[in-house]
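First the structure, in the form of structure tokens, and then the observations on it.
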Amino acid sequence: MNLILLGPPGAGKGTQAQRLQQARGLVQLSTGDMLRAAVAAGSEIGKRADAVMKRGELVSDEIVVGIIEDRIGQPDCAKGFILDGFPRTTAQAEALDAMLARKGMKLDAVIEMVVDDAQMVDRITGRYTCAKCGAGYHDTNKRPKKSGVCDVCGGTQFTRRADDKAETVKARLDAYHRQTAPLLPYYRARGVLQQVDGMAEIDQVSAQIDKLLDRLK
Ligand code: AMP
């Protein structure tokens, strides 16, 4: 099963993609994670993407399409994947259609996580992760049970994304509305768009996604 999770920054795409990866054995393909890894590694792509990401803008279609094309061709993706943060422009969606057609693959569903934009700034600026295991937390909504200690691995170091600052979040939300929201009618016209309430509790969002995926089987 091949899926896209669509929604603005902070909608919970990464959280739900990780859950789908664990529950259904699908591979999470997050272009944001891949680009952050490239920046951390200091690769050529990382150098080109770094400043753009810090401004909250989108990196070029050419870079992300190349990254996804390489990754989708790897054997583990044959059992199914979840695209998280890709495509983000109509050109990326068209490139994805073409690459899937070439590989004889298809999209089963595009799931829009419908959220209240006004609440995304709080969601994003409050989030942080355990530096050791990557477990996600939030200043107000999801604190570790013991302050300063990761519930999952006991780690005591936490990190925040460089682009989760309030100034940058606004640019990222603008980029979503200008460049990514047009993908909703694009996929609706192709009959694959589904919606879930992204403002519900995390478990309830997962339950909504499960229900619609079970219907697709
Ligand atoms: P994310 O982790 O999905 O919020 O992405 C973080 C940042 O990486 C974005 O603000 C963009 O600068 C860049 N990025 C991630 N995915 C894409 C994409 N599909 N197209 C362009 N830029 C992207």
Side-chain angles (χ1 to χ4, degrees), residues 3-41 46 49-50 53-54 56 58-59 64 67 71 80-86 88 111-173 175-176 180 196-210 213:
L3 310 172
I4 295 177
L5 293 182
L6 206 57
K13 301 183 297 293
T15 302
Q16 295 300 329
Q18 279 172 12
R19 289 181 159 217
L20 284 167
Q21 173 159 274
Q22 274 166 12
R24 293 182 182 250
L26 305 173
V27 180
Q28 177 191 11
L29 301 178
S30 157
T31 39
D33 284 350
M34 295 177 208
L35 290 167
R36 280 185 286 281
V39 171
D50 192 20
M53 291 171 77
K54 285 201 178 107
L58 297 187
V59 306
V64 288
I67 294 181
R71 191 61 190 86
F81 55 78
I82 315 142
L83 290 167
D84 156 15
F86 179 94
R88 259 173 153 105
I111 303 173
E112 181 195 3
M113 307 191 52
V114 182
V115 289
D116 172 3
D117 229 57
Q119 296 192 37
M120 290 307 104
V121 177
D122 270 358
R123 265 204 196 178
I124 299 172
T125 53
R127 69 187 181 182
Y128 60 97
T129 52
C130 170
K132 199 166 152 199
C133 75
Y137 296 97
H138 190 277
D139 292 329
T140 47
N141 311 337
K142 194 183 171 219
R143 295 193 184 138
K145 290 193 186 81
K146 185 169 174 219
S147 176
V149 182
C150 175
D151 296 343
V152 179
C153 75
T156 54
Q157 303 286 317
F158 295 88
T159 56
R160 287 178 194 260
R161 275 173 49 172
D163 60 350
D164 276 353
K165 297 187 183 76
E167 321 79 89
T168 320
V169 170
K170 169 127 193 349
R172 290 165 60 201
L173 286 168
Y176 175 79
T180 309
V196 296
D197 172 13
M199 296 310 291
E201 292 291 321
I202 292 175
D203 283 345
Q204 286 168 14
V205 179
S206 302
Q208 291 176 57
I209 294 176
D210 271 340
L213 295 186

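Being a predicted model, the structure only gives us computed values, none of them experimental.
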For the student: nearest non-hydrogen atoms of [X] and [Y], plus distance:
{"X": "Gly85", "Y": "Thr31", "result": "O-OG1, 3.0 Å"}
{"X": "Val59", "Y": "Met53", "result": "CG1-CG, 4.0 Å"}
{"X": "Phe86", "Y": "Leu83", "result": "O-CB, 3.2 Å"}
{"X": "Gly10", "Y": "Arg123", "result": "O-NH1, 2.8 Å"}
{"X": "Cys130", "Y": "Gly155", "result": "SG-CA, 4.4 Å"}
{"X": "Tyr128", "Y": "Pro144", "result": "OH-CD, 3.2 Å"}

What's the spacing between [X] [atom1] and [Y] [atom2] if we round to 0.5 Å?
{"X": "Arg71", "Y": "Met34", "atom1": "CZ", "atom2": "CE", "value": "6.0 Å"}
{"X": "Lys165", "Y": "Ile124", "atom1": "NZ", "atom2": "CD1", "value": "13.5 Å"}
{"X": "Gln16", "Y": "Leu5", "atom1": "CD", "atom2": "CG", "value": "7.5 Å"}
{"X": "Leu20", "Y": "Ile209", "atom1": "CG", "atom2": "CD1", "value": "5.5 Å"}

Any sub-3.5 Å donor-acceptor pair from Thr168's side-chain atoms to Gly56's backbone N or O? no
Can you tell me if Thr129 uses its side chain to pair, donor with acceptor, with the backbone of Gly134 under 3.5 Å? no
For [X], which residues count as a side-chain hydrogen bond (donor to acceptor under 3.5 Å, both in side chains) partner, sequence neighbours excluded?
{"X": "Thr140", "value": "His138"}
{"X": "Lys132", "value": "none"}
{"X": "Gln28", "value": "Asp84"}
{"X": "Gln204", "value": "none"}

So which pairs with a foot in [range] pass salt bridge (Lys or Arg N to Asp or Glu O under 4.0 Å), sequence neighbours left out?
{"range": "residues 136-159", "value": "Asp139-Arg160"}
{"range": "residues 3-27", "value": "Arg19-Asp203, Arg24-Asp210, Arg24-Asp214"}
{"range": "residues 26-36", "value": "Asp33-Arg36"}

Hits for salt bridge (charged side-chain N to carboxylate O under 4.0 Å, His left out) against Asp50, two or more places apart or cross-chain, chain-then-number order -> Lys54
Partner set under salt bridge (charged side-chain N to carboxylate O under 4.0 Å, His left out) for Arg127, not counting sequence neighbours: Asp164
Partners passing side chain to side chain contact (heavy atoms under 4.5 Å, CB included) against [X] (at least two apart in sequence or in another chain):
{"X": "Val121", "answer": "Thr125, Val169, Leu173"}
{"X": "Val114", "answer": "Glu112, Gln195"}
{"X": "Lys170", "answer": "Asp174"}

Check step by step if side chain to side chain contact (heavy atoms under 4.5 Å, CB included) holds for Ile67 and Leu35. CA-CA 9 Å; Ile67 294 181; Leu35 290 167; 3.7 Å; yes
